[in-house]
Amino acid sequence: MKSLQDKLKKEIAALLQDSHDLSGVDISFSLPAERKFGDLSTTLAFTLAKKTGSKPFVLAGDIAARLQGKLAAVAEVRVAGGGFLNFFLHRDDFFLAQRRSLAEAWTAPARREKVIVEHTSINPNKSAHIGHLRNSCLGDTLARCCRFLGYEVEVQNYIDDTGIQVADVVWGLLHYRRMDLEAIRRIPDLAAYLWELYAEVNRLFADDEALAAQRREVHKKIEEKTEPEYGTCRHVAEQVLLDHVRTMERLGIHYDLLARESDVIALDFFKAAAAELAGRGVMVPSSDPEKQGCLVIHYDREKIEKIIVRSNGTITYVGKDIAYNLWKFDLLGRDFHYRPFHIYPDGRPIVMTSSAPFGAPPARSFGKGQRIYNVIDVRQSYLQNLIAQVLVQLGHPEAGANFVHFSYEMVALTPACVREMGLTLEPGEESKPYIEVSGRKGRAVKADDLIAMLEKKSLREVGARNPELPEADARKLSRVIAVAALRYFMVKFNLNTVIAFDFKEALNFEGDSGPYLQYAVVRLNSILKKAAAADMDAAAGAAGLAPLPEGERELYWELVLHLSLLEVQVEFALQNHELSSLATYAYGLCQKFNHYYHLFPVLAEPDPILRSLRLGLVLLFKHKIEAILSLLGIEVPERM
RNA sequence: GCGCCUGUAGCUCAAUGGAUAGAGCGUUGGCCUCCGGAGCCAAAGGCUAUGGGUUCGAAUCCCGUCAGGCGCGCCA
């Protein structure tokens with residue numbers, strides 16, 4: 001459908017260029033609301049009417065007359081509803097083209113552009129929680145969509161291994177729990193241990209100003225590389241990072257590069273950025289007496305000045321982030337060193353930045369992106385917008401335009417959910433619609449815990465349906481189902497919808513859920529397998545839709561049309577930053593498939609022509625749904 | 001105070017400015033001698049918070065009101 005729409009646009013533009021002014025008009029198509037309105041619809045006449053001040057219906061009639069019989073793929077053009085232009089396709093041609101396309105693998109148009117997707121970027125001081133899961137699931141799906149559309153994609157995960165958050169737990173380990181590095185190394189599940197410790201020390205800091213001062217002291221020692229604080233910090237950051245990488249790996253989420261803040265600092269990235277910032281007058285000494293000695297950037301949009309270099313000479317988070325993002329666009333004139341970090345089971349490596357050369361340089365180059373997606377929640381819009389502004393001010397308008405804050409709303413907990421977890425509500429919170437997730441307050445659902453709950457429930461469901469399945473197979477299967485449930489749940493909401501987390505909904509395997517999609521494909525595959533075993537041929541005999549009984553033909557055709565939209569849907573999702581539309585599309589296709597095969601039996605159909613047409617449709621469903629599911633990171637099991 | 005976002009069925013959410021606002025959950029009632037019931041079919045449920053405006057056309061855009069959320073730090 002994608003190629004057909006592109007072709008139609010060109011044909012229509014050519015046919016109308018002498019009679020109508022199409023400049024600045026983007027011809028767009030949609031599937032009409034009802035089948036009786038045809039197969040493809042455009043509101044072109046309305047758009048042109050607005051431009052010229054003429055009547056849409058009259059204009060549509062004129063356009064229809066000019067297009068009638070001139071478009072190769074179109075049997076008829078009709079006007080309806082006051083000015084809609086509705087196209088009726090040559091159905092057999094379109095259908096057969098769709099069938100043929102199954103034989104060839106979908107090849108995305110070649111694009112030279114390199115896309116960098118930064119996602120996850122969790123502070124390495126405790127286990128990941130459900131808020132982080134939304135980030136990673138969105139980021140990974142985004143990366144998969146970009147790859148599908150032919151972009152070269154590099155996935156980066158930014159590690160703030162120098163911040164005060166890590167210092168908090170380092171203080172907790174060394175000075176509160178009074179452990180030495182050896183004892184710390186022996187902690188079995190460090191990330192989970194720190195989950196508790198982080199919440200505990202933050203309760204202490206809140207009540208005791210002296211302790212809070214100690215924490216800042218530890219932070220300073222880490223920056224000055226004083227032992228044992230520095231070594232402990234390195235150990236903690238690396239171990240917890242590994243824990244995050246493993247958690248995400250369970251969900252099929254992979255990274256190419258782990259970029260560490262400590263390396264941004266060690267390699268003086270900010271110095272290079274600062275020279276530019278100061279040289280162009282973007283970063284200036286503050287005129288505010290309260291910010292004496294600070295270097296600031298004036299943020300136009302908010303009409304405030306943001307501190308970049310503190311009066312003590314240290315660099316703020318934004319400053320480091322500006323340098324890092326300049327590097328992503330290859331606008332810094334510097335590069336990291338690199339070292340191997342981890343190898344995924346499929347053999348792909350994760351590389352980590354390094355402040356010093358480490359063995360042979362990596363085979364591939366990092367950074368140098370033409371387009372940057374930063375998957376970061378909406379609460380950082382302010383800073384992300386500032387970075388975009390700075391890119392433009394430094395004379396890189398194209399980078400500014402290709403810098404995308406892929407912003408999404410947070411995951412929160414319902415008050416009921418907080419109570420369910422055995423945590424207490426503060427006064428007034430009971431009446432709130434939702435409560436912010438907070439690692440600091442220990443108020444969050446741990447990612448690993450949620451995955452474990454999903455696997456447990458999944459195992460129970462699998463066991464009930466497949467009592468003869470060996471334990472190992474059942475466990476493997478339940479993992480695949482758990483991942484589907486989680487990943488689908490995390491992308492099915494619009495980006496600016498706050499997910500008020502609820503166990504019942506997240507653990508739902510019915511209806512609008514990942515397992516429902518898997519189940520549909522498992523059923524569909526089962527039909528195809530049985531057909532193959534019985535030597536039934538999906539491609540036999542059918543030269544068109546004519547053999548289908550009238551009642552079935554309309555439905556069949558509608559399904560072919562919807563199935564043809566895959567590429568259109570992925571492009572739409574990417575352009576509109578709405579990955580949820582993909583989830584909705586996938587769900588809709590599965591519903592349509594379930595509906596169809598309940599109405600029209602495939603294997604039991606005695607007429608071989610009819611049967612092979614139905615099998616052909618099942619095959620189309622298989623290819624399209626499996627393609628979207630792979631974009632969503634959902635595997636299709638053999639059985640379930 | 002300033003900025004951004006949200007308000008749609010009992011609940012959770014969909015819906016390129018387009019044709020009769022759709023799903024899931026929940027409720028009620030059907031469907032397994034039938035390709036696997038994590039399924040299918042049907043019913044009930046809506047003044048799209050509210051008042052104006054723009055438009056051939058508004059849940060969607062603009063202005064106001066009400067209600068809620070999030071930002072605005074020499075934290076990251």
Side-chain angles (χ1 to χ4, degrees), chain A residues 28-30 32-34 36-37 41 43 45-46 49-50 55-57 80-84 86 123 160 162-166 219 261 286 290-294 296 299 301-304 306-312 314 316-318 320-321 377-383 385 407 409-410 412 414 432-434 436 458 461-462 464-466 481 485 492-494 496-500 502 504-505 508-520 522-524 526-531 572 575-576 578 580-581 583-584 587-588 591 594-595 597-599 601-605 614 618 639-640:
Chain A
S28 64
F29 298 98
S30 62
E34 282 180 73
K36 67 176 180 188
F37 294 130
S41 179
T43 55
F46 292 116
K50 187 151 285 181
K55 293 221 184 315
F57 191 77
F84 289 94
N86 293 329
N123 282 329
D160 178 7
T162 62
I164 196 84
Q165 278 85 353
V166 184
H219 188 208
E261 184 164 291
S286 175
E290 284 189 10
K291 294 177 186 163
Q292 203 167 23
C294 294
V296 299
Y299 184 26
R301 187 176 160 142
E302 305 278 342
K303 295 185 177 58
I304 56 167
K306 185 72 199 166
I307 294 171
I308 304 301
V309 180
R310 301 187 188 96
S311 53
N312 67 5
T314 56
T316 60
Y317 163 70
V318 210
K320 288 175 265 192
D321 218 22
D377 84 50
V378 68
R379 288 170 294 188
Q380 290 207 38
S381 302
Y382 157 70
L383 296 174
N385 290 335
S407 161
E409 262 291 359
M410 61 179 175
T414 59
K432 285 193 154 196
Y434 43 75
E436 204 172 337
S458 186
E461 302 283 337
V462 168
R465 290 170 173 81
N466 308 274
I481 295 169
K492 78 174 194 174
F493 299 96
N494 282 348
N496 53 14
T497 297
V498 175
I499 299 182
D502 177 81
K504 186 164 165 280
E505 278 175 47
N508 175 35
F509 289 1
E510 286 165 16
D512 189 15
S513 72
Y516 173 95
L517 307 188
Q518 289 177 310
Y519 182 74
V522 166
R523 292 288 304 272
L524 173 171
S526 164
I527 293 172
L528 288 171
K529 254 182 265 172
K530 285 187 175 159
F572 176 87
Q575 268 166 23
N576 294 283
E578 221 28 290
S580 60
S581 65
T584 306
Y587 178 53
Q591 279 185 315
N594 282 330
H595 178 71
Y597 87 93
H598 275 272
L599 281 178
V602 179
L603 301 178
E605 174 55 47
R614 288 179 187 162
V618 176
R639 57 188 294 179
M640 66 188 283

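Side chains included, hydrogens not; waters and symmetry mates left out as well; all remaining heavy atoms used. Just so we're on the same page: letters track the sequence lines, and every chain starts at 1. These numbers come from a predicted model, not from an experiment.
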**Student:** If you look at every strand shown and take non-hydrogen atoms under 4.0 Å, does A/Q292 touch a base, only sugar-phosphate, or nothing?
**Tutor:**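 Since a base atom lies under 4.0 Å of A/Q292, the category is base.
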
**Student:** Please tell me which of A/P56 and A/S28 maps to the more 5' nucleotide of RNA chain B, matching each residue to the nucleotide holding its nearest heavy atom.
**Tutor:**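 Result of the comparison: A/S28.
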
**Student:** When all nucleic acid strands are considered with a 4.0 Å heavy-atom cut-off, which category describes A/I481: base, sugar-phosphate, or nothing?
**Tutor:**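 The answer is base, as A/I481 lies within the cut-off (heavy atoms under 4.0 Å) of a base atom.
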
**Student:** Within the 4.0 Å heavy-atom criterion, would you say A/V522 contacts the bases, only the backbone, or no part of the nucleic acid?
**Tutor:**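 Base: the residue A/V522, judged by heavy atoms under 4.0 Å, touches a nucleobase.
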
**Student:** Look at the side chain of A/I164 and decide which nucleotide, out of B/C74, B/C75, B/G37, has an atom nearest to it.
**Tutor:**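 Closest nucleotide to the A/I164 side chain: B/C75.
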
**Student:** Under 4.0 angstrom, heavy atoms only, what part of the nucleic acid is A/S581 near: base, sugar-phosphate, or nothing?
**Tutor:**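 No contact at all - A/S581 keeps every heavy atom at 4.0 Å or more from the nucleic acid.
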
**Student:** Is it the case that B/A19 (base atoms only) and A/S41 (side chain only) share a donor and an acceptor within less than 3.5 Å, ignoring hydrogens and angles?
**Tutor:**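 Answer yes: a donor N or O sits under 3.5 Å from an acceptor.
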
**Student:** Donor-acceptor pair, A/H219 side chain versus A/T162 backbone, under 3.5 Å?
**Tutor:**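 Indeed, once roles are kept as given, a pair shorter than 3.5 Å links the two residues.
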
**Student:** Please confirm whether the backbone N or O of A/N496 pairs with a side-chain atom of A/N494, one donor and one acceptor, at under 3.5 Å?
**Tutor:**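 It does not hold such a pair.
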
**Student:** Could you give the distance separating B/G10 and B/G26 at their C1' atoms, to the nearest angstrom?
**Tutor:**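 Comparing C1' positions in B/G26 and B/G10 gives a spacing of 8 Å.
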
**Student:** Okay, side chain of A/T414, backbone of A/D502: is any donor-acceptor separation there less than 3.5 Å?
**Tutor:**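 Judged by distance alone, no pair lies under 3.5 Å.
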
**Student:** With heavy atoms under 4.0 Å as the rule, sort A/Q518 into base, sugar-phosphate or nothing.
**Tutor:**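 Nothing: the residue A/Q518, judged by heavy atoms under 4.0 Å, touches no strand.
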
**Student:** Of the nucleotides B/A38, B/G39, B/C35, which has the atom closest to the A/E461 side chain?
**Tutor:**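 Nearest nucleotide to the side chain: B/A38.
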
**Student:** Look at all strands and tell whether A/N576 reaches a base, only sugar-phosphate, or nothing, counting heavy atoms closer than 4.0 Å.
**Tutor:**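 No contact at all - A/N576 keeps every heavy atom at 4.0 Å or more from the nucleic acid.
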
**Student:** Taking atom C1' in both B/C4 and B/A43, what distance in whole Å separates the two?
**Tutor:**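 Their C1' atoms lie roughly 43 Å apart.
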
**Student:** Would A/F37 pass as stacked on B/A19, i.e. its ring centre under 5.5 Å from the base's six-membered ring centre and planes under 30° apart?
**Tutor:**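 Yes; by the centre-distance and plane-angle rule, A/F37 counts as stacking on B/A19.
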
**Student:** Has A/Y519 got a side-chain N or O lying under 4.0 Å from the OP1 or OP2 atom of B/A38?
**Tutor:**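 It does, given that an N or O in the side chain of A/Y519 lies less than 4.0 Å from OP1 or OP2 of B/A38.
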
**Student:** NZ of A/K36 to CG of A/N86: how many Å apart, nearest 0.5 Å?
**Tutor:**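 If I round to the nearest 0.5 Å, the distance is 11.0 Å.
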
**Student:** Would you say A/Y382 stacks on B/C72, if stacking means ring centres under 5.5 Å apart and planes within less than 30 degrees?
**Tutor:**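 A stacking contact does not exist, since A/Y382 is not both close and nearly parallel to the base ring of B/C72.
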
**Student:** Does A/Y299 have its ring centroid less than 6.0 Å away from the ring centroid of A/Y382?
**Tutor:**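 So the answer is yes for these two rings.
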
**Student:** Check every strand shown and say whether A/F57 touches a base, only sugar-phosphate, or nothing at a heavy-atom separation below 4.0 Å.
**Tutor:**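 Answer is nothing: A/F57 stays at 4.0 Å or more from every strand.
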
**Student:** What nucleic acid atoms does A/N312 come within less than 4.0 Å of, heavy atoms only: base, sugar-phosphate, or nothing?
**Tutor:**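 The answer is nothing, as A/N312 stays clear of every strand by at least 4.0 Å.
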
**Student:** Pick base, sugar-phosphate or nothing for A/L383, based on heavy-atom distances below 4.0 Å to the nucleic acid.
**Tutor:**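 It contacts base atoms.
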
**Student:** OP1 or OP2 of B/C4 versus the side-chain N and O atoms of A/S407: is any pair under 4.0 Å?
**Tutor:**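 Checking B/C4 against A/S407, no side-chain N or O comes under 4.0 Å of OP1 or OP2.
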
**Student:** What nucleic acid atoms does A/P433 come within less than 4.0 Å of, heavy atoms only: base, sugar-phosphate, or nothing?
**Tutor:**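 Result for A/P433 = sugar-phosphate.
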
**Student:** Is there a Watson-Crick or G-U wobble partner for B/G22 with both distances under 3.5 Å, and which nucleotide is it?
**Tutor:**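 Across any shown strand, B/G22 pairs with B/C13.
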
**Student:** Decide if atom NZ of A/K55 counts as having more than 12 heavy atoms of other residues, nucleotides or ligands within a radius under 6.0 Å.
**Tutor:**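 No, because the 6.0 Å sphere around NZ of A/K55 holds 12 heavy atoms or fewer from other groups.
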
**Student:** Look at A/R523 and B/A38 and indicate whether a side-chain polar atom (N or O) is within less than 4.0 Å of OP1 or OP2.
**Tutor:**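 Result: no.
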
**Student:** Would you say the base of B/A19 and the side-chain of A/N86 have a donor-acceptor pair closer than 3.5 Å?
**Tutor:**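 For A/N86, whose side chain was compared with the base of B/A19, there is a donor-acceptor pair (under 3.5 Å).
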
**Student:** Without swapping roles, check the side chain of A/T584 against the backbone of A/S580 for a donor-acceptor pair under 3.5 Å.
**Tutor:**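 Yes: the side chain of A/T584 pairs with the backbone of A/S580.
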
**Student:** Side chain of A/F84, heavy atoms from C-beta onward: which of B/A19, B/G39, B/C35 has the nearest atom to it?
**Tutor:**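 Looking only at heavy atoms from C-beta outward on A/F84, the closest nucleotide is B/A19.
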
**Student:** When we call it a touch if two heavy atoms are under 4.0 Å apart, what does A/K530 touch: a base, just sugar-phosphate, or nothing?
**Tutor:**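 Sugar-phosphate only.
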
**Student:** Could you please name the option among B/C35, B/G36, B/G69 that lies closest to any side-chain atom of A/K432?
**Tutor:**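 The answer is B/G69.
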
**Student:** So A/E409, base contact, sugar-phosphate only, or nothing? Heavy-atom distance under 4.0 Å.
**Tutor:**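 Result for A/E409 = nothing.
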
**Student:** Just verifying a value: how many Å separate A/Q591 CD and A/D512 CG, rounded to the nearest 0.5 Å?
**Tutor:**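 Going from the CD atom of A/Q591 to the CG atom of A/D512 covers 7.5 Å.
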
**Student:** Would you indicate which nucleotide in B/A38, B/U16, B/C35 comes nearest to any side-chain atom of A/S30?
**Tutor:**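 The nucleotide sitting nearest to the side chain is B/U16.
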
**Student:** Can you check whether any acceptor in the base of B/G57 is under 3.5 Å from a donor in the side chain of A/K50, or vice versa?
**Tutor:**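 Between B/G57 and A/K50, which were checked side chain against base, a qualifying N/O pair under 3.5 Å is present.
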
**Student:** Can you tell me the Watson-Crick or wobble partner of B/G71, both distances under 3.5 angstrom?
**Tutor:**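 B/C2 - that is the nucleotide pairing with B/G71, both distances being under 3.5 Å.
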
**Student:** Select one nucleotide: of B/G39, B/C74, B/C35, the one nearest the side-chain heavy atoms of A/C294.
**Tutor:**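 Between B/G39, B/C74, B/C35, the one nearest the side chain of A/C294 would be B/C74.
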
**Student:** Measure from the side-chain heavy atoms of A/Q591 and tell me the nearest of B/A23, B/A38, B/C35.
**Tutor:**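 Among the listed nucleotides, the one closest to the side chain of A/Q591 is B/A23.
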
**Student:** For the side chain of A/S381 and the base of B/C4, is some donor closer than 3.5 Å to an acceptor across the two?
**Tutor:**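 No such pair is found, so the answer is no.
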
**Student:** Going by purine N1 to pyrimidine N3 plus the second Watson-Crick contact, or the G-U wobble pair, all under 3.5 Å, which nucleotide sits opposite B/G39?
**Tutor:**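 Partner of B/G39: B/C31.
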
**Student:** Side chains of A/Y317 and A/D160: is there a donor and an acceptor less than 3.5 Å apart?
**Tutor:**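 A/D160 and A/Y317 do not have a side-chain donor-acceptor pair below 3.5 Å.
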
**Student:** So if I take every side-chain heavy atom of A/T497 and compare against B/C13, B/A76, B/G37, which nucleotide ends up nearest?
**Tutor:**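 Among B/C13, B/A76, B/G37, the one nearest the side chain of A/T497 is B/C13.
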
**Student:** Distance check: side-chain N/O of A/R639 vs OP1/OP2 of B/A38, anything under 4.0 Å?
**Tutor:**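 No, A/R639 has no side-chain N/O under 4.0 Å of OP1/OP2 on B/A38.
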
**Student:** With the side chain of A/I304 defined as its heavy atoms from C-beta on, choose the nearest nucleotide among B/C72, B/A19, B/C13.
**Tutor:**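 Shortest atom-to-atom distance from the side chain points to B/C72.
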
**Student:** Kindly confirm whether the side-chain ring of A/Y516 is stacked on the base of B/A38, judged by centres under 5.5 Å and planes under 30°.
**Tutor:**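 No.
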
**Student:** Counting the atoms with a prime plus P, OP1 and OP2 as sugar-phosphate, which does A/M410 contact under 4.0 Å by heavy atoms, base, sugar-phosphate, or nothing?
**Tutor:**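 Sugar-phosphate only.
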
**Student:** Can you tell me the Watson-Crick or wobble partner of B/C47, both distances under 3.5 angstrom?
**Tutor:**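 Pair assignment: B/C47 / none.
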
**Student:** Which residue lies toward the 5' end of RNA chain B, A/P601 or A/N496, if each is placed at its nearest nucleotide?
**Tutor:**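 Looking at the nearest nucleotide for each, A/N496 comes out on the 5' side.
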
**Student:** Counting only side-chain N and O atoms of A/S526, is one of them less than 4.0 Å from OP1 or OP2 of B/G36?
**Tutor:**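 True: A/S526 side-chain N/O within range (under 4.0 Å) of B/G36 OP1/OP2.
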
**Student:** Check whether any side-chain N or O of A/N494 sits under 4.0 Å from OP1 or OP2 of B/A14, and answer yes or no.
**Tutor:**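 For B/A14, OP1/OP2 do have a side-chain N/O of A/N494 under 4.0 Å.
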
**Student:** From B/G71, B/C75, B/U16, pick the nucleotide closest to the side chain of A/Q165?
**Tutor:**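 Nearest nucleotide to the side chain: B/C75.
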
**Student:** Considering Watson-Crick and G-U wobble pairs with both distances under 3.5 Å, what does B/C61 pair with?
**Tutor:**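 With both distances under 3.5 Å, B/C61 matches B/G53.
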
**Student:** A/R379 and A/E436: salt bridge (charged side-chain N to carboxylate O under 4.0 Å, His left out), yes or no, with the steps?
**Tutor:** CA-CA 12 Å; A/R379 288 170 294 188; A/E436 204 172 337; 2.5 Å; yes

**Student:** Would you indicate what A/I307 reaches in the nucleic acid, counting non-hydrogen atoms under 4.0 angstrom: base, sugar-phosphate, or nothing?
**Tutor:**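 Base: the residue A/I307, judged by heavy atoms under 4.0 Å, touches a nucleobase.
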
**Student:** Is any side-chain nitrogen or oxygen of A/H598 closer than 4.0 Å to OP1 or OP2 of B/G39?
**Tutor:**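 No, outside the criterion.
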
**Student:** Is there a side-chain contact between A/R465 and the phosphate of B/G36, meaning an N or O under 4.0 Å from OP1 or OP2?
**Tutor:**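 For B/G36, OP1/OP2 do not have a side-chain N/O of A/R465 under 4.0 Å.
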
